[in-house]
Amino acid sequence: KAGVTQTPRYLIKTRGQQVTLSCSPISGHRSVSWYQQTPGQGLQFLFEYFSETQRNKGNFPGRFSGRQFSNSRSEMNVSTLELGDSALYLCATAEGWTNTGELFFGEGSRLTVL
Amino acid sequence: AQSVTQLGSHVSVSEGALVLLRCNYSSSVPPYLFWYVQYPNQGLQLLLKYTSAATLVKGINGFEAEFKKSETSFHLTKPSAHMSDAAEYFCAVSSTGANSKLTFGKGITLSVRP
């Protein structure tokens, strides 16, 4: 069974640009969550999607958005990038709701904002 | 609201020594508790989880954790550290309920000295 795939793995952007990150879940997984990981803050929850509906949202500004498609693949978008958005963005998927089950993580997309 | 506290950001042990990583949680309802491990340049992987069954939970790679309600703790232990245990360890909490989400601690980096 293929694991969680995140693309791109590495990217460099400049302030003010926007970026789209992609996550392909394990086959059969309907839930996708996104986390921002930074050395100082650890893992910060961005949002969770289940069957194309946003189920939960963290405390991030509206520049951060996401969506889930009918095949469970998910994308997140960050507009008007700021230096502080530099981080590892992790996607995690699960068969059901993520709060009670095991999450399977991708290797992440490392974003550097210059 | 629920939260997790992992005291200290770095623990160093000798190979063969006991590993003890502390985690305290806050939750207004019975919690689900998890330990995840992250090896360098990888995503997170579930070590073990507590979901209100046995209070002593055994996980992969010889790790175990004990749920202590009176102390609101879920400390991770391993009797004998191996060099391959060097990684970052995250404690996480969630609960039942439609709006519950998985909340991670800031993580602890474990170093193992030869």
Side-chain angles (χ1 to χ4, degrees), chain A residues 2-10 21-26 29 31-51 53-60 66 87-110, chain B residues 1-10 21 23 25 27-53 57-60 63 65 87-110:
Chain A
V4 178
T5 303
Q6 291 189 245
T7 57
R9 289 292 313 280
Y10 302 91
L21 309 178
S22 178
C23 173
S24 293
I26 293 172
H29 284 196
S31 175
V32 176
S33 293
W34 289 89
Y35 292 85
Q36 181 194 66
Q37 184 177 19
T38 57
Q41 298 297 318
L43 273 83
Q44 305 263 29
F45 173 76
L46 283 156
F47 23 66
E48 177 189 349
Y49 289 88
F50 184 83
S51 295
T53 301
Q54 188 178 85
R55 178 171 171 263
N56 251 317
K57 190 177 188 303
N59 297 321
F60 278 81
L88 180 67
Y89 290 87
L90 291 166
C91 163
T93 75
E95 292 184 11
W97 289 353
T98 57
N99 60 312
T100 57
E102 176 178 356
L103 295 186
F104 292 81
F105 281 81
E107 294 183 317
S109 293
R110 185 166 295 280
Chain B
Q2 55 203 18
S3 64
V4 165
T5 301
Q6 294 184 253
L7 289 178
S9 59
H10 186 233
L21 303 180
C23 171
Y25 70 91
S27 177
S28 57
V29 296
Y32 295 141
L33 293 160
F34 307 82
W35 275 98
Y36 281 82
V37 60
Q38 185 179 31
Y39 298 104
N41 299 315
Q42 295 186 24
L44 280 72
Q45 175 185 1
L46 181 68
L47 269 180
L48 48 81
K49 64 180 180 182
Y50 166 78
T51 56
S52 76
V57 182
K58 294 187 184 299
I60 62 172
F63 284 94
E88 190 162 15
Y89 292 80
F90 294 88
C91 183
V93 63
S94 70
S95 64
T96 58
N99 294 321
S100 180
K101 64 181 188 291
L102 195 60
T103 301
F104 285 87
K106 291 190 183 297
I108 297 176
T109 299
L110 175 67

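First the proteins, then the strands, lettered A, B, ... as listed; each starts at 1. Below, all heavy atoms of this structure are taken into account, side chains as well, without hydrogens, waters or symmetry copies.
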Counting only heavy atoms closer than 4.5 Å, note whether [X] contacts chain B via side chain, backbone, both or neither.
X        : result
Gln37(A) : side chain
Leu90(A) : side chain
Tyr35(A) : side chain

Return the set of residues passing side-chain contact (heavy atoms from CB on, under 4.5 Å) with Ser9(B) (not counting sequence neighbours), or none when no residue passes.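 With sequence neighbours excluded, Ser9(B) shows a side-chain contact (heavy atoms from CB on, under 4.5 Å) to no residue whatsoever.
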Side chain, backbone, both or neither: which part of Gln6(B) has a non-hydrogen atom closer than 4.5 Å to chain A?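 Neither part.
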In terms of heavy-atom contacts, does NZ of Lys58(B) have more than 12 from other residues, nucleotides or ligands at under 6.0 Å?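 Count not over threshold, so no.
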Is the closest basic N to carboxylate O distance between Arg9(A) and Glu107(A) below 4.0 Å?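 Yes, Arg9(A) and Glu107(A) are salt-bridged.
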Describe, in one word, how the ring planes of Phe104(B) and Phe105(A) are oriented to each other, choosing from parallel (under 30°), tilted (30 to 60°) and perpendicular (over 60°).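 Taking Phe105(A) first and then Phe104(B), their aromatic rings stand perpendicular (interplane angle over 60°).
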